[in-house]
A.B. asks: 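Questions regarding the structure given below will be posed in turn.
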Amino acid sequence: MENDNLKLTSSEIGTLWGEYVNGTMAEIVNRYMISILEDESIKKVFEIAIETWEKQKKQLVSFIEKDGFPVPIGFTESDLNKSAERLFSDTFCLNYLHIMTIHGLLGHTTALSVSVRKDIREFYNSCDNDAKSMYDLTIELLLKKGIFQRDPYFYPNESPEFISTKDFTDGFFGKGRLLSATEIISISLNIKKGIMAKVLSIGFSQVTESKEVRKFFEELEKTADENLQALSKIMHKDNLPVPMSWESEVTTSKDSPFSDKLMLYHMGFLAQTAQVYYGTGLAGAMRTDLAVAYEKAILKTLRITKNWFDIMVKNKWLEQPPLAPNRKELAQDEYPHS
């Protein structure tokens with residue numbers, strides 16, 4: 001049997017389904033942002049992002065339809081208000097595209113790691129290469145404009161060293177050591193991602209017409225801020241710089257560019273991916289105060305995710321992914337043999 005003719009596995013259809021829904025969400029946001037951008041160099045990068053998604057979207061539809069699965073609805077023109085006033089600055093839009101590209105890199109790599117069919121693997125390899133190119137484009141432009149926030153600098157030791165004391169894990173009582181370079185990786189990325197989630201929550205809470213959805217955004221903003229403060233405190237304790245916030249990049253507009261469904265889904269997506277990044281940070285944390293900060297962030301975000309799920313289901317906004325066959329129902333003999 002040709003490799004490309006193998007039926008999709010549950011993991012493969014799951015990743016294709018998720019890529020389609022998340023991709024259509026990002027497409028709507030990108031199309032809004034390109035409509036308000038004034039900086040031509042930033043606009044050009046967004047044009048490339050939109051063109052790249054159009055190519056990927058066609059391939060996703062082809063894979064899904066070929067195996068007889070319904071193509072998800074995802075997000076469409078009905079979720080975009082083309083005439084909405086500017087809600088975000090050009091600077092925020094570029095930072096947004098950069099952070100979402102990082103999410104894409106993780107998503108494509110994860111999808112590739114569970115894919116078996118050659119054509120699916122080749123597709124995700126292509127998506128990964130596209131994301132790498134976009135990552136380079138966004139960083140280069142952020143650097144050119146002087147708005148890329150670099151991680152802290154360390155000074156080299158004279159020679160390699162080994163851990164020689166149990167105090168290495170102590171971060172509470174002043175006996176412990178300074179943060180390691182490996183711990184900074186997750187702290188810095190989680191702060192940058194948390195800043196974006198907080199700013200989107202502020203912007204979305206301004207423009208939603210639903211009191212229930214606005215309350216959720218406000219709760220998410222508070223949770224994101226608490227998690228940011230906890231990680232920033234640990235950085236400050238070691239006299240390390242913390243990435244600056246972007247709250248000032250939100251305008252005073254109350255004109256919503258998106259449907260409540262899209263805005264709520266987007267924040268749920270960010271909350272769910274935050275769990276992954278917090279978990280990665282926890283796994284690599286060797287200081288007790290840092291481990292505790294991650295544990296608290298995970299628990300707080302879990303509560304937010306539960307609230308998100310309840311609101312999405314209540315409003316019939318959460319599309320159901322393909323499910324495993326119900327063997328008990330199939331085993332019921334409605335037409336017994338005589």
Side-chain angles (χ1 to χ4, degrees), residues 18-61 71-101 103-104 130-131 134 137-138 141 145 196-214 216-217 220-221 246-270 308 311-312 315-319:
E19 289 263 347
Y20 184 90
V21 174
N22 293 334
T24 55
M25 173 199 72
E27 175 191 23
I28 296 299
V29 177
N30 288 346
R31 285 175 56 193
Y32 164 70
M33 288 185 171
I34 201 172
S35 73
I36 62 171
L37 285 169
E38 296 175 351
D39 188 301
E40 290 298 325
S41 60
I42 300 177
K43 186 177 290 189
K44 180 61 179 177
V45 177
F46 270 84
E47 287 173 353
I48 295 171
I50 292 170
E51 290 170 4
T52 300
W53 165 246
E54 283 301 320
K55 174 189 66 176
Q56 295 173 356
K57 183 179 180 181
K58 290 177 182 177
Q59 189 63 69
L60 285 167
V61 170
V71 176
I73 296 170
F75 296 91
T76 66
E77 289 281 337
S78 63
D79 297 295
L80 176 63
N81 177 9
K82 294 180 180 179
S83 61
E85 297 177 8
R86 170 184 282 268
L87 183 59
F88 303 111
S89 70
D90 284 14
T91 296
F92 177 79
C93 291
L94 180 56
N95 274 290
Y96 170 88
L97 184 57
H98 175 65
I99 296 295
M100 290 300 289
T101 298
H103 284 303
D130 289 337
M134 183 55 58
L137 286 172
T138 54
L141 194 51
K145 294 185 175 299
M196 189 184 82
K198 180 182 177 182
V199 173
L200 282 176
S201 297
I202 292 171
F204 289 170
S205 65
Q206 280 182 198
V207 298
T208 181
E209 295 182 357
S210 167
K211 291 182 180 179
E212 181 180 39
V213 174
R214 180 178 295 110
F216 172 82
F217 289 148
L220 195 149
E221 179 196 341
W246 304 332
E247 283 98 329
S248 60
E249 306 301 327
V250 182
T251 72
T252 57
S253 172
K254 292 189 176 183
D255 190 13
S256 181
F258 314 114
S259 66
D260 282 357
K261 171 189 170 184
L262 184 144
M263 292 189 291
L264 194 61
Y265 181 88
H266 199 327
M267 299 316 300
F269 165 80
L270 292 178
W308 170 83
I311 299 173
M312 291 289 290
N315 288 281
K316 294 183 170 56
W317 288 340
L318 193 59
E319 206 168 343

A.B. asks: Quick one, F204 with V213, criterion side chain to side chain contact (heavy atoms under 4.5 Å, CB included). Give me CA distance, side-chain angles, the key distance, then yes/no.
C.D. replies: CA-CA 9 Å; F204 289 170; V213 174; over 6 Å; no
A.B. asks: Would you say the side chain of V45 lies within less than 4.5 Å of the side chain of M134, judging by non-hydrogen atoms?
C.D. replies: yes
A.B. asks: Counting distance only, does the side-chain N/O of N22 pair as donor-acceptor with the main-chain N or O of E19 below 3.5 Å?
C.D. replies: no
A.B. asks: Quick check: do Q56 and Q59 have side-chain heavy atoms less than 4.5 Å from each other?
C.D. replies: no
A.B. asks: With a 4.5 Å limit on heavy-atom distance, are the side chains of I28 and L262 in contact?
C.D. replies: yes
A.B. asks: Mind running side chain to side chain contact (heavy atoms under 4.5 Å, CB included) on C93 and I36 for me, showing each step along the way?
C.D. replies: CA-CA 10 Å; C93 291; I36 62 171; 4.3 Å; yes
A.B. asks: Working to the nearest 0.5 angstrom, can you tell me the gap between M25 CE and H266 NE2?
C.D. replies: 4.0 Å
A.B. asks: With side chain to side chain contact (heavy atoms under 4.5 Å, CB included) as the test, would you mind laying out the steps for L141 and L94 before giving the verdict?
C.D. replies: CA-CA 8 Å; L141 194 51; L94 180 56; 3.9 Å; yes
A.B. asks: I'd like to know if the side chain of T138 and the backbone of H98 have a donor-acceptor N/O pair within less than 3.5 Å.
C.D. replies: no
A.B. asks: Does the side chain of L200 reach to within under 4.5 Å of the side chain of F217, using non-hydrogen atoms?
C.D. replies: no
A.B. asks: Report the distance from atom CD of E249 to atom CG of D90, rounding to the nearest 0.5 Å.
C.D. replies: 9.5 Å
A.B. asks: If we only count heavy atoms from C-beta on, is the L220 to W308 side-chain gap below 4.5 Å?
C.D. replies: no
A.B. asks: For P257 and A84, work out which heavy atoms get closest and say how close.
C.D. replies: CA-CB, 3.5 Å
A.B. asks: State, without any angle test, whether T52 and D130 hold a side-chain donor-acceptor pair at a distance under 3.5 Å.
C.D. replies: no
A.B. asks: Are the side chains of N95 and M196 in touch, meaning some heavy atoms are under 4.5 Å apart?
C.D. replies: no
A.B. asks: Going by distance alone, is a donor N or O of one side chain under 3.5 Å from an acceptor N or O of the other, for D39 and S41?
C.D. replies: yes
A.B. asks: Applying side-chain hydrogen bond (donor to acceptor under 3.5 Å, both in side chains) as the test, list every pair that has at least one member in residues 26-36; sequence neighbours left out.
C.D. replies: E27-W53, R31-E77
A.B. asks: With sequence neighbours excluded, what pairs up with E51 under the salt bridge (Lys or Arg N to Asp or Glu O under 4.0 Å) test?
C.D. replies: none
A.B. asks: Does Y265 reach the side chain of V21, with side-chain heavy atoms less than 4.5 Å apart?
C.D. replies: yes
A.B. asks: For F258, does its backbone N or O pair with a side-chain atom of N81 as donor and acceptor, under 3.5 Å?
C.D. replies: no
A.B. asks: Is it the case that the side chains of E221 and S201 hold a donor-acceptor pair, with the cut-off being a distance below 3.5 Å and no angle test?
C.D. replies: no
A.B. asks: How about NZ on K254, more than 12 heavy atoms from neighbouring residues, nucleotides or ligands closer than 6.0 Å, or not?
C.D. replies: no
A.B. asks: Check for a donor-acceptor pair, side chain of N315 on one end and backbone N or O of I311 on the other, with a separation under 3.5 Å.
C.D. replies: yes
A.B. asks: Would you say the side chain of D260 lies within less than 4.5 Å of the side chain of W317, judging by non-hydrogen atoms?
C.D. replies: yes
A.B. asks: Just to verify, what does F92 make a ring-ring contact (aromatic ring centres under 6.0 Å, His included) with, not counting sequence neighbours?
C.D. replies: F88, W246
A.B. asks: Say you draw a straight line from CZ of R86 to OG1 of T251; how long is it, rounded to the nearest 0.5 Å?
C.D. replies: 8.0 Å
A.B. asks: If I take atom CG from residue L97 and atom CD1 from residue I48, how far apart are they, to the nearest 0.5 angstrom?
C.D. replies: 10.0 Å
A.B. asks: Can you tell me how far OH of Y20 sits from CG of L60, rounded to the nearest 0.5 angstrom?
C.D. replies: 8.5 Å
A.B. asks: Determine whether I42 and M33 satisfy the following criterion, side chain to side chain contact (heavy atoms under 4.5 Å, CB included), listing intermediate values before the conclusion.
C.D. replies: CA-CA 10 Å; I42 300 177; M33 288 185 171; over 6 Å; no
A.B. asks: Looking just at side-chain N and O atoms, do T208 and S210 make a donor-acceptor pair shorter than 3.5 Å?
C.D. replies: no
A.B. asks: Check this for me: K145, atom NZ, are more than 12 non-hydrogen atoms of other residues, nucleotides or ligands nearer than 6.0 Å?
C.D. replies: yes
A.B. asks: Decide yes or no on side chain to side chain donor-acceptor pair (under 3.5 Å) for T91 and S89, but give the supporting numbers first.
C.D. replies: CA-CA 5 Å; T91 296; S89 70; 4.5 Å; no
A.B. asks: Can you see which heavy atom on S259 is nearest to which on D79, and at what distance?
C.D. replies: OG-OD1, 2.7 Å
A.B. asks: Work out which heavy atom in S256 is nearest to a heavy atom in M263; give both atom names and the distance.
C.D. replies: OG-CE, 3.6 Å
A.B. asks: Could you measure the distance from the CG atom of L270 to the NZ atom of K198? Nearest 0.5 Å is fine.
C.D. replies: 15.0 Å
